[in-house]
Amino acid sequence: MSERLLVERDGAVLRVTLNRPEKLNAIDAGMAEAARHAFERAASDSGVRAVLLSGAGRAFCAGQDLSDPAVAPGADLGATIERAYNPLIRAMRALPKPVVAAVRGVAAGAGANLAFAADIVVAARSAKFVEAFARIGLLPDSGGTWMLPRLVGHARATGLAMLGEPLAAEQALAWGAIWRVVDDDRLDEASAELAERLAGMPTRALGAIKTALQAGWSDDLDAQLARERDAQRDLGATYDYGEGVEAFIAKREARFEGR
Ligand code: T3D
């Protein structure tokens, strides 16, 4: 595991921290792969029931390390995308467990789209999201062209992608791109609380919600109704559904186990 990516267990929460603060956590060779491996391990480890993704220092992530020779002008950028970013975004979106991104300061380029690939984004008031790509002659990658219009609508996505202007946390909240904005000194606590809360919920249900909501972006109503039926059939057989109903009847707090 790279030291530029810290991966730590905190109860049922896996904390994944981009750890290159002197370069605003710009992603260099190996960091994206290490992050992808962390998400893949989270998928296969039943003890992990939520992931908390954050950046060390004053920024979340400044995107691709532009000083990396692998992305020097003339290099095959498609190769970097295929090796590093696409597998990472796929691993995050395929993980049947909630991913919380805690964003402080700037999230630029692939860093912005990494945050938007999380299920729930909690941002510090200082946070700003910058689709910086066009400013250096590129288009948003890491799923940006797919995610942005779905989050904020076509017109706003186009403006963000073409102009590369910073989107402040409060504006991102008003546009529906993120879940919550908190004061900077509350970000660590608020995001950890949220991840811990999600980790104590019925994990299988949260995974089914994530999968169904994503599928709903491309499926028609009939397909989605069938998906809901099938998923509900599976969830109805889980321990957590039994526990949830029993706790409701008994008027006590449910103790979900993620199975
Ligand atoms: O195939 C492929 O892989 C292509 C994929 C591309 C994906 C992308 O992410 S493209 C977009 C890449 N990111 C950017 O274009 C953003 C570049 N950074 C900035 O515009 C600014 O740094 C920020 C707006 C993010 C922050 O500005 P500021 O003034 O707060 O900080 P700073 O002084 O610019 O940066 C602090 C240090 O981080 C500085 O290093 P130094 O001079 O103190 O040694 C700066 O060079 C470094 N840094 C920031 N971003 C990057 C970076 N170093 C390498 N790559 C970066 N992306």
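Read the numbers this way: they start at 1 and go in the same order the structure lists the ligands and their atoms. Just so you know, residue 1 is the first one in the sequence shown, and it goes up from there.
Near Asp65, meaning under 4.0 Å from any of its heavy atoms, are these atoms of ligand 1: 54 (C), 55 (N). Under a 4.0 Å criterion applied to the non-hydrogen atoms of Gly109, ligand 1 contributes the atoms 9 (O), 11 (C). Contact atoms of ligand 1 toward Gly63: 9 (O) (distance under 4.0 Å to a heavy atom of the residue). For ligand 1 and Glu22, the ligand atoms under 4.0 Å from any heavy atom of the residue are 37 (C), 38 (O). Within the listing of ligand 1, atoms 3 (O) sit less than 4.0 angstrom from a heavy atom of Tyr85.
Atom 27 (O) of ligand 1 has its closest protein heavy atom at Leu24 CD1, 4.3 Å. At the top of the distance list for atom 57 (N) of ligand 1, counting protein heavy atoms only, stands Gln64 O, 2.8 Å. Distance from atom 33 (O) of ligand 1 to its nearest protein heavy atom, with residue and atom name: Arg58 NH2, 4.3 Å. The shortest contact between atom 20 (O) of ligand 1 and any protein heavy atom is with Arg135 NH2, 4.0 Å. At the top of the distance list for atom 46 (O) of ligand 1, counting protein heavy atoms only, stands Lys23 NZ, 4.5 Å. If you check which protein heavy atom lies closest to atom 3 (O) of ligand 1, you get Thr80 CG2, 3.2 Å. Of all protein heavy atoms, the one lying nearest to atom 24 (C) of ligand 1 is Val106 CG2, 4.4 Å.
Which of Leu77, Val130, Leu139 comes nearest to atom 1 (O) of ligand 1 through a heavy atom is settled by distance: it is Leu77. When the heavy atoms of Ala107, Ala62, Ala29 are ranked by distance to atom 16 (C) of ligand 1, first place goes to Ala62.
Between the side chain of Lys97 and the backbone N or O of Val48 there is at least one donor-acceptor pair closer than 3.5 Å. Under a 3.5 Å cut-off, the side chain of Arg104 and the backbone N or O of Ser126 do not form any donor-acceptor pair. Between the side chain of Glu196 and the backbone N or O of Val13 there is no donor-acceptor pair closer than 3.5 Å. The closest donor-acceptor contact from the side chain of Asn113 to the backbone of Gly143 lies at 3.5 Å or more, if one exists at all. Between the side chain of Asp240 and the backbone N or O of Arg259 there is at least one donor-acceptor pair closer than 3.5 Å.
For atom 55 (N) of ligand 1, the nearest protein heavy atom lies under 4.0 Å away. In this structure, atom 39 (C) of ligand 1 has no protein heavy-atom contact shorter than 4.0 Å. Distances from atom 9 (O) of ligand 1 to the protein include at least one heavy-atom value under 4.0 Å. By the definition of a contact as any protein heavy atom under 4.0 Å away, atom 14 (C) of ligand 1 is in contact.
Any N or O atom pair closer than 3.5 Å counts here, and Leu66 shares at least one such pair with ligand 1. For the pair Asp141 and ligand 1, the shortest N or O to N or O distance does not fall below 3.5 Å. When only interatomic distances are considered, the shortest N/O to N/O separation between Ala110 and ligand 1 falls below 3.5 Å.
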- Item | Residues Arg197, Glu193; criterion salt bridge (Lys or Arg N to Asp or Glu O under 4.0 Å); working and verdict | CA-CA 6 Å; Arg197 181 173 145 206; Glu193 269 174 20; over 6 Å; no
- For Tyr241 and Leu235, run side chain to side chain contact (heavy atoms under 4.5 Å, CB included): C-alpha distance rounded to whole Å, both residues' side-chain angles, the deciding distance at 0.1 Å, then the answer. CA-CA 7 Å; Tyr241 175 61; Leu235 292 172; 5.7 Å; no
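Atom CZ of Arg150 sits in a crowded spot, with more than 12 heavy atoms from other residues, nucleotides or ligands closer than 6.0 Å. The environment of CD in Glu243 is crowded: more than 12 heavy-atom neighbours from other residues, nucleotides or ligands sit within 6.0 Å.
Tested against Asp141, the residues Leu77, Ile81, Ile89 include a single side-chain contact (heavy atoms from CB on, under 4.5 Å) partner, Ile81. Of the listed residues (Val106, Leu160, Ile178), just one forms a side-chain contact (heavy atoms from CB on, under 4.5 Å) with Phe129, and that residue is Ile178.
If you take CG on Leu114 and CE on Met147, they are separated by 10.0 Å, rounding to the nearest 0.5 Å. Of the inter-residue distances, the one linking Asp119 atom CG with Lys210 atom NZ reads 3.5 Å to the nearest 0.5 angstrom.
With a heavy-atom cut-off of 4.0 Å, Val71 touches ligand 1 through its side chain alone.
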